[in-house]
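Down below is the structure, laid out as structure tokens.
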Amino acid sequence: MQPPDDVIAAIATAPGPAGLAVVRVSGAGALAVADAVFRGGAPLAGAAANTMHHGWAVWPAGAEDTAGHGSRRLDEVVAAVFRAPRSYTREDVIELSCHGGPLPAGRVLAALLHAGARLARPGEFTLRAFLNGRLDLAQAEAVADLIHAETQAAQELALSQLAGTLSRRLEELSERVGDSLAEIEARIDFAEDVGGIETPAQVVAAIAGVSEELTGLLASAAYARAVREGVRVVLAGRPNVGKSSLFNALLGEARAIVTALPGTTRDLVSERIEIAGVPITLVDTAGWRAGGDPIEAIGVERAREAVDGARVALWVLDRAAPLAAEDHRIAASLDGKRVLVALNKSDRPAVLGRASLPPLPNVTALEVVEVSATTGLGLGGLQEALGRLSGATEGAAPLAAAVANPRHVEALERARAALERAAGAARELRPGEIVALELREALACLGEVTGRTLGEDLLERFFSRFCVGM
Ligand code: GDP
């Protein structure tokens, strides 16, 4: 895909009252477009690279202000001038810092569009940076991860990917695969003369070595992915077992209303906590009593949906009371989940124990913790177990160069499979062409992560998920 040569413009900051808002302009004719709107000491066309200029944004000459209030003046601004190729997009870029709030930047953008710029599509600045070779695809993805990061660990993961740590590691692995391929191809050419080839032992070892390193990289993926995407944890349990109390205890503040009446949490309440860098969304649900009043029934329905959408269920039981029919119904709804059973009210004489739990044959992971929301007994253990079930305990793995993005994980798994097939074929003394074919496949998969081997349509789709102004 060729970088286009038209001028694009968009507001790069979030809307709402703020000190500043920034309008970005990029393209070969960006300075001329900006000069139609900017009035400062001198035209920006003559400005040196990396300089800032104070002035006013005005309606371009000959263009009518649609608001028709007469004044051509739009805002007092500072223009930052970046000249190609030393800019975010590697094109000429002008960033106009306006006052914040909904109007100043909006009117300045409108003036730039009057002057010949086109409104940028979502992610188009970063797409241009990619097409002009300033960022690879993994780095472009890191820009999106960075602005969506909700924990410091997630932000650091994105920063390391933006700095190219993952890209360099994959580049190095690709080079090693490329060397093995070159050696095999040279032998194939030579074999036409002498007949019969096999893959030398050191090349097989080199292929297996890269495959092992990919295995190591992928081992950190579960934790890195939990850090990047966060985990949804839903509280399940019949009314009055202490769900809201535990929710609050985990949050450390009184967020949900706690009362002694059954069924008071009528709707979903969700809050964010963090365990070992993993953002965890705790969802408290309405009581699970079938029947009840209609409003509560809506809550029950929503609770079921919430459980369906969560990876981990925190199932709260009243340890001081016998199991009820509802507990068996709830147990049946936990199939396919990672389940943390909290035996709550452990400050009172125990009626239930671990042995009295209903069977949970289809859950993917199970932990049982004794806890008391009111006295705080066992809360630390509950948090640790929640961390384990949310994937927050693999934190020993270094986050630099970790693979967090499912697109990367999937491509690297295919690369590893191709390398394993290549090594297997070589060990069985199969023709060099077969080994070479698998190595080419592995190289293509590795290249997908950095975008070297990704199709045009995929690229368009990829960048359309970004924000406007990015
Ligand atoms: P929910 O309906 O499951 O959300 O339950 P709540 O959190 O509203 O709690 C119901 C009642 O049980 C309230 O009176 C709480 O104070 C009480 N409760 C909650 N946790 C405990 C606990 O660990 N020990 C004791 N003794 N009471 C608790």
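As the structure lists them, so they are numbered: ligands from 1, and atoms in each ligand from 1.
- Electrostatic pairing of Arg338 and Glu367 does not count as a salt bridge here, judged by no charged N lying under 4.0 Å from a carboxylate O.
- We find that Glu370 and Lys345 are not joined by a salt bridge, their nearest charged nitrogen and carboxylate oxygen being 4.0 Å or further apart.
- Between Ala373 and ligand 1, at least one pair of N/O atoms sits closer than 3.5 Å.
- Ligand 1 places these atoms under 4.0 Å from at least one heavy atom of Pro239: 2 (O).
- Salt bridge absent: Arg168 and Glu172 never bring a charged side-chain N and a carboxylate O closer than 4.0 Å.
- Checked for salt-bridge contact, Glu441 and Arg421 miss the test: no charged N lies under 4.0 Å from a carboxylate O.
- Between Glu141 and Arg407, at least one side-chain N (NZ, or NE/NH1/NH2) sits under 4.0 Å from a carboxylate O, which counts as a salt bridge.
- Per-residue contacts place Arg348 under 4.0 angstrom from the following atoms of ligand 1 (heavy atoms of the residue considered): 26 (N).
- The heavy atom nearest to atom 5 (O) of ligand 1, considering only Ala236, Gly242, Gly378, is found in Gly242.
- Using a non-hydrogen distance threshold of 4.0 Å, Gly237 does not register as a contact of ligand 1.
- By the criterion of a heavy-atom distance under 4.0 Å, both the backbone and the side chain of Ser244 are placed next to ligand 1.
- For ligand 1, the polar-atom distance check finds an N/O of Ser245 within less than 3.5 Å of one of the ligand's N/O atoms.
- Residues Ser372 and Asp347 bring a donor and an acceptor atom of their side chains to less than 3.5 Å of each other.
- When the heavy-atom distances from atom 20 (N) of ligand 1 to Thr374, Asn344, Leu377 are ranked, the shortest goes to Asn344.
- Taking a cut-off of under 4.0 Å to the non-hydrogen atoms of Ser372, the atoms of ligand 1 that pass are 22 (C), 23 (O), 24 (N).
- Side-chain N/O atoms of Ser26 and Arg128 include no donor and acceptor closer than 3.5 Å.
- Between Phe463 and Phe130, the two ring planes are tilted [angle within 30° to 60°].
- Contact annotation: for Asp347 versus ligand 1, heavy atoms closer than 4.0 Å belong to the side chain alone.
- Any N or O atom pair closer than 3.5 Å counts here, and Val241 shares at least one such pair with ligand 1.
- Between Asn240 and ligand 1, an N or O atom pair is found at a separation short of 3.5 Å.
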